[in-house]
There are 2 protein chains.
Amino acid sequence: MPASKGYAAQSAQSALAPFAFTRRDPGPTEISIDILYCGVCHSDLHMARNEWGQSIYPLVPGHEIVGRVTAAGSAVTRFKAGDVAAVGVIVDSCRHCTPCERGDEHFCAEGATLTYAATDRVDGSITMGGYSSNYVVDQRFAHTVPANLDLAAVAPLLCAGITTYSPLRHWKVGPGMKVGIVGLGGLGHMALKFAHSFGAHTVQLTTSLKKKEDALRLGADEVLLSTDEKAMKAHEGSFDFILDTASAHHALDPYLALLKQDKTMTLVGLPEQPPVFNVFSLITKRASVAGSMIGGMPETQEMLDYCGQKNITAEVEVIPIQQINEAFERMLKQDVKYRFVIDMSSLK
Amino acid sequence: MPASKGYAAQSAQSALAPFAFTRRDPGPTEISIDILYCGVCHSDLHMARNEWGQSIYPLVPGHEIVGRVTAAGSAVTRFKAGDVAAVGVIVDSCRHCTPCERGDEHFCAEGATLTYAATDRVDGSITMGGYSSNYVVDQRFAHTVPANLDLAAVAPLLCAGITTYSPLRHWKVGPGMKVGIVGLGGLGHMALKFAHSFGAHTVQLTTSLKKKEDALRLGADEVLLSTDEKAMKAHEGSFDFILDTASAHHALDPYLALLKQDKTMTLVGLPEQPPVFNVFSLITKRASVAGSMIGGMPETQEMLDYCGQKNITAEVEVIPIQQINEAFERMLKQDVKYRFVIDMSSLK
């Protein structure tokens, strides 16, 4: 069994620290990957600290993985040793339910297998994430990476990228639409890049004017300060779609007021408290609040290929793994532009 | 100016009591109606007691009005004296915005004029509702009533009817769909009748098995006790649409769990507290929570005509207006099957 080393939390209270473990041997449709880069998602922090109550320890976080294939099983068709491969939030699913058959593996009726802190479908072990030296995964749950992209800046596409790309595609964001992005963090900055790239008039909603120049540089046509009641009033009833990426608790009503009749605000951020809004904010315009998470495997590959064509990647701050606990604390203070990515060569 | 008598609340704390006032003279496109019946909506109680903070006193409630035309202005084309006419929740709008032009007067960009406790667009007076002897209204905001229907049982169609008909039509409820109705009160029992009539497999969700026989009689194909976790689990992920008519505060998660991927639960009840659900209930299946209220004038007429064709009316308990305060208390205890309707001849 391949040896792996990584950083793990041993409990909800403990910092991440070096941890050695083994991966299972790859099967005929599986590949082994040496991890080059792994993005640091807010979920990693929630899970390391058991803030969603579902963590299993020791817990190796990480689900924004880019690496190099070291071995490919006999039935693998999409990868060979030496290729770059990427892995995201899920690494398996039942593969035979209706959602799986249409490529919506993330909506698997039996529940998809998460990249870490989940029960592996092959051998019943607990999955260990990408804050580690290697990964073993079925080719169906790995993606090819366009050759022109910077690999460190690709890593966040595997969660922050697909999480924003998928709803913007699902709600058909494009030319002629006015689209709002709430929050300018790891998810928000990707949403901004995609919405702009899809041709929508893109409005960054933020509570901090300090982010204005960055938002304009990243693709915003306008920046709207959500605490400026007069400015918000002027935009009332004018948005075709809003993607809410904010991870801090916030009232939805000021944003719902911006929607046109029959339009949708979709939540992809995961605040610890439930969303709160007044039912009148919905009924007076037949508005909807929806939720979306990551995307299926075909759409994730489509997103990566699109990023290659349009030269889109995340804005990243590359760190050695020894700084991960400090990075968690800085992430909590929103002190990152806009995603930490661990350079896994620091593990050696 | 026509004299009117009705029942009014003089403050949020006072019971409804006899009240005399005048209506404005009808204009050339307006009709005068002698009110025969007026339904008792939960909103009437909320408004009489200022529970939404927008009431204006003296306040004459009532927006489920059926009456007989006593006079029609020179330019009125749809009504003549002696006709039956019906009036619902709104009695005017700007009439020139985009929603008004497409017949979505309830979504008027400048705000529709409510049937009571609103500022009249013609003379600036405060509108007085249907717990009274007469009404003056523009023909655009009045509806014809199919001759085969019982007029007392028609009254609730003007709010409870259109409030449930409109979202069931908007979300295209019909054959091949499994549809849930949450709550079996004034709104819920109409939703049940419509969903069944549209050909959907209709499931009544209730917290009380006492209502089972009634639900089956009114059109439910199945009755599902929402407190029975095992039964709820068996229906997980199987619903195409859910209409939530409950007016008491309740968690949405158990109902959201019933939806298929990409489906919607629409709120039409108006609990005093905001809706509460876990964001994971949405993101794990890209579900939506939407809201809907009444319908536009063309759709309200369409609903009444449909009710005439299918012989659909509300289940009502007819009361004299002298019992209105007792009826409010009984409504609070859900002690009504399923809508009180005031026989306005009791005013004389």
Side-chain angles (χ1 to χ4, degrees), chain A residues 52-54 89 97-99 102 104 106-112 163 166-167 170-171 236-238 244 246-247 249 251-253 256 259-296, chain B residues 52-54 89 97-99 102 104 106-112 163 166-167 170-171 236-238 244 246-247 249 251-253 256 259-296:
Chain A
W52 293 329
Q54 62 185 73
V89 175
C97 69
T98 306
R102 69 169 169 250
D104 281 339
H106 57 316
F107 294 138
C108 173
E110 300 182 11
T163 296
S166 181
H170 183 76
W171 276 276
E236 205 173 279
S238 68
D244 184 348
S247 59
H249 184 63
L252 304 191
D253 303 284
L256 292 171
L259 289 175
K260 291 180 184 169
Q261 181 189 322
D262 288 317
K263 299 302 182 186
T264 297
M265 169 159 164
T266 297
L267 313 178
V268 290
L270 296 173
E272 285 153 69
Q273 293 166 277
V276 172
F277 56 87
N278 189 311
V279 68
F280 284 93
S281 295
L282 297 184
I283 69 165
T284 51
K285 58 175 72 167
R286 202 164 46 199
S288 296
V289 171
S292 181
M293 65 169 196
I294 57 171
Chain B
W52 293 329
Q54 64 186 69
V89 176
C97 68
T98 307
R102 68 170 169 249
D104 281 338
H106 57 315
F107 294 139
C108 173
E110 298 181 11
T163 295
S166 180
H170 182 75
W171 275 276
E236 204 174 281
S238 69
D244 184 349
S247 59
H249 184 63
L252 304 191
D253 303 284
L256 292 170
L259 289 175
K260 289 180 186 170
Q261 181 187 321
D262 288 319
K263 300 303 181 185
T264 296
M265 168 157 164
T266 297
L267 312 177
V268 291
L270 297 173
E272 285 153 67
Q273 292 167 279
V276 171
F277 56 87
N278 189 312
V279 69
F280 284 93
S281 296
L282 297 184
I283 70 165
T284 51
K285 57 175 74 166
R286 202 162 50 198
S288 295
V289 172
S292 181
M293 64 170 196
I294 56 172

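In the text below, chain A, chain B and the rest are named by the order of the sequence lines, each starting its count at 1. The analysis underlying the following values was restricted to heavy atoms, covering all of them including side chains, and did not include hydrogens, waters or symmetry mates. If you're wondering where the values come from, they're calculated on a predicted model, not measured in any experiment.
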Portion of Thr98(B) that has a non-hydrogen atom of chain A nearer than 4.5 angstrom
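When you check distances to chain A, no heavy atom of Thr98(B) falls under 4.5 Å.
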Beyond-backbone contact of [X] with [Y], side-chain heavy atoms, under 4.5 angstrom:
X	Y	result
Arg102(B)	Gln261(A)	yes
Pro99(A)	Cys108(A)	no
Met293(B)	Thr163(B)	no
Val276(B)	Asp253(B)	no
Lys285(A)	Asp262(A)	no

Among [options], single out the residue with the greatest number of heavy-atom pairs under 4.5 Å to chain B.
options	value
Pro275(A), Gly237(A), Pro274(A), Ser281(A)	Pro275(A)
Val268(A), Asp104(A), Thr266(A)	Asp104(A)
Phe277(A), Phe107(A), Phe280(A), Trp52(A)	Phe107(A)

Looking at chain A, which one of Thr284(B), Leu267(B), Asn278(B), Ile294(B) has the largest number of heavy-atom pairs inside 4.5 Å, strictly under?
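So the answer, after comparing Thr284(B), Leu267(B), Asn278(B), Ile294(B), is Thr284(B).
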Which answer fits Thr264(A), side chain, backbone, both or neither, if we ask what part of it has an atom under 4.5 Å from a heavy atom of chain B?
neither
